[in-house]
Number of protein chains: 2
Amino acid sequence: MSHDLDQSVLNTLSQVSLFEGLTPHQLQIILQAAHHRHIPRHGYFFHQGEEATHLYVLLQGKARLTQITPEGQQVIIHLLGPGDPVAIIVVLSHAKYPVTARAHTHCDALSWERDSITRLMEQYGRLSLNGLKMVSERFLEMQDRYRELATERVERRIARALLRQINKPGNGRAAPHKITLSRQDLAEMTGTTLYTVSRTCSSWEQQGLITAGRGRITICNYTDFLNIAEDLPR
Amino acid sequence: MSHDLDQSVLNTLSQVSLFEGLTPHQLQIILQAAHHRHIPRHGYFFHQGEEATHLYVLLQGKARLTQITPEGQQVIIHLLGPGDPVAIIVVLSHAKYPVTARAHTHCDALSWERDSITRLMEQYGRLSLNGLKMVSERFLEMQDRYRELATERVERRIARALLRQINKPGNGRAAPHKITLSRQDLAEMTGTTLYTVSRTCSSWEQQGLITAGRGRITICNYTDFLNIAEDLPR
DNA sequence: TCCACTCTTTGCGCTAGCGCAAAGACAGCA
DNA sequence: TGCTGTCTTTGCGCTAGCGCAAAGAGTGGA
């Protein structure tokens with residue numbers, strides 16, 4: 001790694017939540033232990049069930065974490081964007097990856113070996129505290145999704161999944177909100193089938209709530225979907 | 001706190017996973033920041049939606065973490081036993097408790113204020129790494145439960161919930177396995193209704209797989225339930 | 001530009017499991 | 001011990017949503 005590239009990656013690193021609040025010296029040490037990775041579109045970071053060997057931080061691109069059932073059904077656990085860590089759970093001894101991580105677009109990432117990142121986390125409390133915060137946030141979201149799946153009808157769940165996309169950092173606040181997810185994606189995120197998602201979208205389009213497209217949904221009014229999600233009068 | 005009580009609690013602390021690997025001196029510092037709490041049976045540690053102010057570690061007794069929906073439905077997120085931390089997510093800034101924590105039996109616990117525990121975690125990398133590991137383990141379980149809820153029929157999910165109880169540390173390995181959970185508890189843990197749990201239990205009892213009782217289920221053969229959970233031939 | 005593959009929509013039949021109601025059983029407290 | 005409240009069981013009617021099939025639309029690569 002050349003000096004200029006180091007500086008550039010250091011700047012990038014300092015803006016990644018996992019590394020927030022660390023000194024430039026600490027960042028330097030952390031970067032020295034990192035490896036640069038390029039994953040092609042549709043390529044895999046790792047597969048579910050494999051020994052967990054590396055932590056990744058996505059620098060550029062989009063990826064997905066999914067779980068596959070023995071029967072071949074797929075559930076989307078999380079969508080990842082730039083700055084997101086991948087597989088913090090590597091710090092668990094003898095952990096296997098509980099999910100498959102696949103690049104949705106071409107991805108640039110940094111990776112750290114398990115022993116390496118574990119040592120760094122033990123050494124730098126702030127680093128592991130940041131990791132704890134990020135896993136906690138994902139855990140909170142999963143708890144909510146579990147509760148929703150257990151207690152709410154499909155329409156509300158789909159509305160919530162759309163709202164979660166809109167609310168992601170970096171996405172614009174102004175309507176219309178363009179969401180590039182297929183019916184199958186939404187189905188895998190909400191525990192239903194693509195047919196049910198399609199029927200729901202068709203119904204919403206007839207009501208003028210969305211503009212539907214292939215792999216795409218445009219939401220006209222955020223509050224409408226908030227009301228659907230919360231089962232409030234529209 | 002008298003000297004003897006300190007020593008006794010210190011011994012207890014050193015066996016709590018969250019404090020594993022810390023020096024006696026570090027444990028001393030941590031204990032100095034702790035408060036002792038007694039929660040009566042059916043009493044609350046905290047309620048969902050409240051500002052998250054304290055982390056707790058259960059010393060004795062059993063408790064439950066639940067989420068309640070606006071419609072009054074309840075989902076059991078986690079069952080807690082001695083040594084379990086409660087609300088590690090307090091380290092998130094401005095967090096609200098995402099769940100309600102209620103004592104199932106009389107409980108003894110230690111608590112730490114948010115700022116206090118956050119500072120300790122930043123200071124002692126091992127402490128926050130331990131916290132990260134524990135949240136990660138719970139997160140992994142929730143991921144699995146989500147996938148199961150999204151893709152599996154009720155019978156399998158109930159079988160899995162029973163297996164999880166059997167597999168908890170401290171529970172005997174030898175059949176018969178006694179599980180003290182009501183039909184309603186199991187329903188709240190598996191996203192179904194008490195009627196469906198009851199029907200399933202009746203069916204299993206007729207097949208000689210369990211002995212059913214009020215608030216109780218005794219499992220005769222672990223492997224039978226493994227096969228049900230994995231949808232394998234019996 | 002054309003073709004193949006994938007995504008989307010819609011009709012339709014089916015069922016797993018929900019939820020109400022009633023009756024019986026059981027545990028805890030006065 | 002008796003009573004009350006809660007838990008469990010079972011019958012029954014109902015439906016949300018599954019899943020198959022077919023047709024149409026759209027995208028990407030040669």
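Throughout, protein chains are lettered first and strands after them, A, B, ... in sequence-line order, and every chain is numbered starting at 1.
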Under the side-chain contact (heavy atoms from CB on, under 4.5 Å) test, residues paired with A:Q207 that sit two or more places apart: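 A:Q207 satisfies side-chain contact (heavy atoms from CB on, under 4.5 Å) with A:S203, A:W204, A:L209, A:R234 once adjacent residues are dropped.
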
Taking side-chain contact (heavy atoms from CB on, under 4.5 Å) as the definition, give me every residue that meets it alongside B:P98, ordered by chain and number, with sequence neighbours left out. A:L140, A:Q143, B:Q67, B:I89

Tell me which donor-acceptor pairs under 3.5 Å the side chains of residues 43-56 of chain B have, and how far apart each pair is, sequence neighbours excluded?
from  : atom 1 : to     : atom 2 : distance (Å)
B:Y44 : OH     : B:R102 : NE     : 3.4
B:Q48 : OE1    : B:I68  : N      : 2.8
B:Q48 : NE2    : B:I68  : O      : 3.3
B:E50 : OE1    : B:H47  : N      : 3.2
B:E51 : OE2    : B:R114 : NH1    : 3.4
B:E51 : OE2    : B:R114 : NH2    : 3.3

Strand contacts (DNA chain C) in residues 63-78 of chain A, 4.0 angstrom heavy-atom criterion: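 By residue number: none to list.
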
Which whole-number value in Å describes the distance from A:I210 CD1 to C:dT8 P? 11 Å

Estimated bend of the helix from C:dT1-D:dA30 to C:dA30-D:dT1 (axis per five terminal pairs, rounded to 10 degrees):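 Both end axes considered, the difference amounts to 60°.
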
I'd like to compare against my own output: the B/S/- annotation of nucleotides 9-18 of chain C with a strict under-4.0 Å heavy-atom distance to protein. BBBB---SSS

Starting at the 5' end of nucleotides 24-30 of chain C, put B wherever the base has a protein heavy atom under 4.0 Å, S where only the sugar-phosphate does, and a dash everywhere else. -BBS---

Run the side chain to side chain contact (heavy atoms under 4.5 Å, CB included) check on A:R37 and A:L110 step by step: do they pass? CA-CA 6 Å; A:R37 300 288 182 114; A:L110 292 176; over 6 Å; no

Report the C-alpha separation of B:D108 and B:H106 in whole Å, then their side-chain angles, then the decisive distance to 0.1 Å, and conclude whether the side chain to side chain contact (heavy atoms under 4.5 Å, CB included) test is met. CA-CA 7 Å; B:D108 289 328; B:H106 170 86; 3.3 Å; yes

I'd like to check the side chain to side chain donor-acceptor pair (under 3.5 Å) partners of B:T192; sequence neighbours left out, ordered by chain and number.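 Partners of B:T192 by the side chain to side chain donor-acceptor pair (under 3.5 Å) criterion come out as none, since no residue qualifies.
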
Could you tell me which residues satisfy side chain to side chain donor-acceptor pair (under 3.5 Å) with B:R156, sequence neighbours excluded, listed by chain and number? B:E152

Scan residues 174-197 of chain A for pairs that pass salt bridge (charged side-chain N to carboxylate O under 4.0 Å, His left out), counting only residues two or more places apart or in two chains.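 Found A:R64-A:D185.
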
Run through A:R138, A:E141, A:M142 and flag the one making a side chain to side chain contact (heavy atoms under 4.5 Å, CB included) with A:I77.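 When A:R138, A:E141, A:M142 are each tested with A:I77, the side chain to side chain contact (heavy atoms under 4.5 Å, CB included) holds only for A:M142.
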
Please check: side-chain N/O of [X] versus main-chain N/O of [Y], any donor-acceptor pairing under 3.5 Å?
| X | Y | result |
| --- | --- | --- |
| B:S198 | B:L194 | no |
| A:K168 | A:L79 | yes |
| B:R160 | B:E148 | no |
| A:D84 | A:L80 | no |

Could you give all pairs that pass the side-chain hydrogen bond (donor to acceptor under 3.5 Å, both in side chains) test and reach residues 210-220 of chain A, with sequence neighbours left out? none

A:K62 and A:C107: which non-hydrogen atoms are nearest, and at how many Å? O-SG, 3.3 Å

Near DNA chain D, counting only heavy atoms under 4.0 Å, which residues of residues 159-166 of chain A show up?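 Within residues 159-166 of chain A, no residue comes under 4.0 Å of DNA chain D.
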
